[in-house]
Amino acid sequence: MTSRRKAIQSISLGALALSAWPGTNAAAADMPLADDPEYWKKVREQFMLAKDKVFFNPGTVGAMPRVVFDRMVEHLRYIGTDVADWAYKNDNAEEFISGYNNLLTIRTKVAALINGTVPEIAMTDNVTNSMNYIANGITLQPGDEIITTDQEHGGGLGGWQVKEKRYGAVLKLVPVPKPAKSSSEVYDAIVKAFTPKTKVLMISHMITGSGMIVPAKELCAEASRRGIFTILDGAQNIGQMKVDVKDLGCDAYVGCFHKWMGGPAGTGFMYVKADRIKDIWTTVASYRWNQHEDEGFRFTQRGTGSFPVLKGLEASIDFHNEIGPEKVYGRIKFLGERLRNGLRANKKVKIFSPADEAMCAGITVYKVDGLTGTQMQDTFWAKAKMRPRSQGDTYGVRHCTHIFNSPEEIDQAIAIVNGMA
Ligand SMILES: Cc1ncc(COP(=O)(O)O)c(C=O)c1O
């Protein structure tokens, strides 16, 4: 089936499911056919991003495809117009507020995206929420150890710092090289830190400040062999690379849609393996706090929330699937590698992303000798309205490449770096 026909079919199925509210969006029907020589140019046209600006920072917050924006606005309009239609007869069917609805359709799509099952998936607002639900909900004794790295994002780490301070757990931040030379170097550093007291391994699946893909599968296998609960922080992976939680063998995985997936801000999820989720206490408790027949719903029921952002999130998954996760990853990697190859040719550029291309995808962190991150960031903007993100004085900039970028933009960025150096 051509991708255009698939898009049209999914729209008509969507229209059936949403027959209670007016208007579905047909933007995805404009998607190019897979063999279109102008494929990526036409994909770029699906984004609302201003044509005179070049966005290199989906590692912080993504650019939304138009269909995401439209789906959100339509649902907002629906609520604004028809909230009186709400008859309070079926929380799971009526879509005026989230927080009480089991969000089965969306959770099914998230489950399919990461190869989990629906009861293993809870919807949250972001990665920080998800990680805190796990850190706060897991039972640890004083002296129990949590192993992580010295390169975690504060949103992944904070909940464990609370755990240490409040319950006497011991949080160990294992130094990991930046740049790393090999996966085995990272693996060895972490495994060496395991002791008989280690109860939790929490680690980013992709390190935010270097773009390093960690040897997550191998680490989870070794940790599990020792009875250690494993959690991967996938903030930078979801929407960038294919994630298969069963293959990774982790006990828990947390992620968001507002970065690489191009969903609206305030959309995240938490996955915990079926046989482990029952032991995680509810943090934000409502009616279902102790109901275990749908564990993911127990965590999803968190009080009134916004349905339009969930509609946008759902549209972002549809858009991603319409292109295909492998194809998205292939393009991101192609552009990332093109950037790194260009940078490697300049001796005045230091790259903090791993030297081994197998450990890199769409995030490249680098610094031009003698310049701060802010100076580099400002030069990109002044020269070409390009927006990578400063990493401060030591690490230069984090430069993300995504499907809305082009090889020409990468080449121009390299020329600007060469000009700076
Ligand atoms: C690895 C990692 N973990 C956690 C977070 C926090 O994500 P959120 O703002 O969705 O809570 C980020 C954000 O950049 C991140 O890169």
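Values in this document were obtained by computation on a predicted structure and should not be read as measured data. Computation of the quantities below employed the complete heavy-atom set of this structure, encompassing side-chain atoms and omitting hydrogens, waters and symmetry-equivalent molecules. Numbering of ligands and ligand atoms starts at 1, following listing order.
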Nearest protein heavy atom with distance in Å, relative to atom 3 (N) of ligand 1: Asp233 OD2, 2.6 Å
Ring center gap for Phe47 and Phe55 short of 6.0 angstrom: no
Centroid-centroid distance, Phe96 to Tyr78, less than 6.0 Å: yes
Val127-ligand 1 polar pair, N/O distance under 3.5 Å: yes
Residue portion contacting ligand 1 (non-hydrogen atoms closer than 4.0 Å) for Gln236: side chain
Residue pair Thr374 / Gln377, side-chain donor-acceptor N/O under 3.5 Å: no
Identity of the nearest option to atom 5 (C) of ligand 1, non-hydrogen atoms only, from His153, Met131, Met206: His153
Polar side-chain atom of Lys217 near backbone of Ala221 as donor-acceptor pair, under 3.5 Å: no
Validation row: Met123, Ile121 side chains within 4.5 angstrom (heavy atoms): yes
Sub-4.0 Å atoms of ligand 1 with respect to non-hydrogen atoms of Thr208: 1 (C), 16 (O)
Distance-only donor-acceptor check, side chains Ser98 and Asn101, under 3.5 Å: no
Options Glu152, Lys259, Arg398, ranked by nearest heavy atom to atom 14 (O) of ligand 1, top entry: Lys259
His258 and ligand 1 - part of the residue with a heavy-atom distance under 4.0 Å: side chain
Ligand-side contact atoms (ligand 1) for residue partner Ser204, heavy atom cut-off under 4.0 Å: 1 (C)
Interfacing atoms of ligand 1 (cut-off 4.0 Å, heavy-atom, Thr128): 6 (C), 8 (P), 11 (O)
Result of checking Arg298, Arg107, Lys246 against Glu120 for salt bridge (Lys or Arg N to Asp or Glu O under 4.0 Å): Lys246
